[in-house]
Amino acid sequence: MTVGTAPKAEGPIIQRLFGFVAGCLTPMLPAMLGTGMLKVVLTLLTTLNIVSATDATYQIFYSIADGFFYFLPIFLGWSIAKKVNGNAPLYMAVGALLCYPDLVAMMGGTLESATEYGEFLGMGCTYLFGVVPVIETTYTSSVVPMLLMAPLMKWAEDFADRISPNVLKAFLKPHLFFLICTPVVMIVLGPIGGVIGNVMAAAFNTLYGKVPWLTVGLLSALMPFIVMTGMHYALIPLFMNNIATLGYDVVVLVTMFCSNICQGGAAFGVAAKTKDVETRSEGIACGISAAVAGVTEPALYGINLRYMKPMIGAVAGAGVAGLLAGIMGVRGYTMGGSPSFLSLITFIGGDSPYHSVIWGAVCGVLGLVISFAVSFVLFQDPQKQSADTAGASVGAASAAVLSDETVASPVNGEVKPLSEVEDDAFSSGALGQGIALVPSEGKVYAPVDGEVTTFFPTGHAIGLLSDGGAEILIHVGMDTVKLDGRGFTPRVSQGSRVKKGDLLLEFDLELIQKEGYSTVTPMIVTNTDDYTAVEPVRARSLHTGDAAIRIQK
């Protein structure tokens, strides 16, 4: 790491892309969880024949449960604006365009109005300005068009702001924004998802005719990525055609069944391993939503893509479950809501009515177990990982002759007992004794003379070995590892020699607070057991350089 340079997002482009997608969709997690769990309740009530899907009560509650996902592009507009620091109402208006009822009705996708251009793409066309062809497709519940629009919307907003005179900016800026974004989303970026969906449907239908077992396994593994594009809806016509001509379907019902359950299994794996109460609660809720109700968006966007590695478990479990389902000829005979364990009754039919139900349950349980196990093994709790790694790194520093010494405050701020820190790894004293501070400015100074033994790539944590032998960990904020370096500017590098009072790090206090993270900064002595006493001073606030911890050998 170069001294004085803020860490930048690193890693494969796919990882960074998924990171952006998760960053845009994670803020919507509360609504996803709430509506997803509501669908679970409604599914249970209808499955147990307590209420009918035609009852007014069911219809009202289903409207709120399904309405969020139907108008997802609008909510995504708000989330993207938050992510790129844009104007939320402008971005939401673009999402509203994609969900506008009259436009949805017009974009029915019939081939009656298709030109040669439309026929080539397998879709109908309408025209903008009477000349430019616009592919007819449906964008409700989709995410890709808005995600593709994100950089354009940001550019259009900045461009319109830059060229609009101040006296006219109030109306000219949004006017220019819509003039730029509307044609692009309708002519170019929006239809891309529809084209991709049609191509994929045709490809997998052909593949299933030749190697059905491989097709089901492959499509099950790829289904979460298809759901990300919103193009799983493009497979519905294929499902209806299969039911009408063959009497059964596997491309939609079986593969979605395997994928949905495994999304839930991966989320359960995270919940079982994490030490964070909030993450555990989210994991359980997301897992139930996916495995029981078949609503995977909370698990997909809120847990599995958010932490990346659980996604490997979901894909692996779905692939194996789908492979077995293809070999055993598992089939779905009717649509009964989002595929899940509760939808297994839709697998009843054919010459052996319960064959698909029994083997479907076996495949579902197998996929759930595999996805859970892989996710549990691969997932690393960000809080626990950052704290444990820091402790191990600092603890591995070369031993020094211990002596009594005083550790200074690394920041200006309010003093807080370590026991009140939200992270159990710190508050329990498991990593060592010390002190916590609430910084009043975004600067961290060296609390001792010594060596920087650890400087996390994300910039949020620093380990030092003092000349007196104290191993010290400074952790800026709680969960700030999730910022992936944003807002942190290191001023020294790992291995540097520092003097007490040297500037180690600058951080954006406002950004951390805006992103919803606590700024509480623990400073602990990780080799506490080597000392007779590690005692924090009694004070309400400290300035950099003030005595913060006194150590006795």
Side-chain angles (χ1 to χ4, degrees), residues 22 24-82 88-89 91-105 107 138-147 224 227-233 236 256 260-261 263-264 267 278 281-306 335-343 346:
C24 290
L25 294 164
T26 298
M28 297 186 291
L29 185 58
M32 288 183 182
L33 288 172
T35 54
M37 292 304 295
L38 187 55
K39 277 193 173 183
V40 171
V41 174
L42 293 173
T43 301
L44 285 171
L45 291 175
T46 53
T47 300
L48 298 175
N49 292 322
I50 297 175
V51 299
S52 170
T54 59
D55 291 348
T57 302
Y58 176 93
Q59 293 290 341
I60 291 172
F61 280 100
Y62 187 81
S63 295
I64 183 65
D66 194 55
F68 170 77
F69 295 101
Y70 185 89
F71 294 106
L72 195 58
I74 300 177
F75 294 99
L76 189 55
W78 163 79
S79 185
I80 290 173
K82 181 179 178 182
Y91 291 39
M92 293 171 71
V94 176
L97 163 68
L98 301 180
C99 300
Y100 190 65
D102 287 352
L103 182 67
V104 172
M107 305 291 278
T138 301
Y139 301 114
T140 53
S141 303
S142 65
V143 297
V144 164
M146 288 298 292
L147 291 174
V227 170
M228 283 177 58
T229 68
M231 285 304 105
H232 50 303
Y233 292 100
I236 298 301
M256 284 186 127
N260 290 0
I261 287 175
Q263 286 293 321
E278 183 178 352
S281 175
E282 291 176 352
I284 293 172
C286 290
I288 294 174
S289 175
V292 178
V295 180
T296 61
E297 283 85 353
L300 176 61
Y301 300 127
I303 298 292
N304 300 334
L305 273 177
R306 177 179 172 188
M335 177 63 78
S338 297
S340 65
F341 274 122
L342 287 180
S343 72
T346 65

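Throughout, residue positions are numbered sequentially from 1 according to the sequence presented.
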So, for A88 and W78, which heavy atoms are closest and what is the spacing to 0.1 Å? CB-CD1, 4.1 Å
Looking only at heavy atoms, what is the nearest atom pair of C99 and F71, with distance? CB-CD2, 3.8 Å
Taking all non-hydrogen atoms of both residues, which atom of S289 and which atom of P298 are closest, and how far apart? OG-CG, 4.0 Å
Of all heavy-atom pairs linking Q263 and L300, the shortest is OE1-CA, 3.5 Å
Please step through side-chain contact (heavy atoms from CB on, under 4.5 Å) for the pair T57 and F61, ending with a clear verdict. CA-CA 6 Å; T57 302; F61 280 100; 4.0 Å; yes
Measure the spacing between OG of S343 and CD1 of I261 and express it to the nearest 0.5 Å. 7.0 Å
Between C286 and A267, which heavy-atom pair has the shortest distance, and what is it? CB-CB, 4.2 Å
Measure across I80 and M146 and return the closest heavy-atom pair with its distance rounded to 0.1 Å. CD1-O, 3.3 Å
Straight-line distance of D55 CG to I60 CD1, nearest 0.5 Å: 10.5 Å
For N260 and P339, indicate whether the former's side chain and the latter's backbone hold a donor-acceptor pair under 3.5 Å. yes
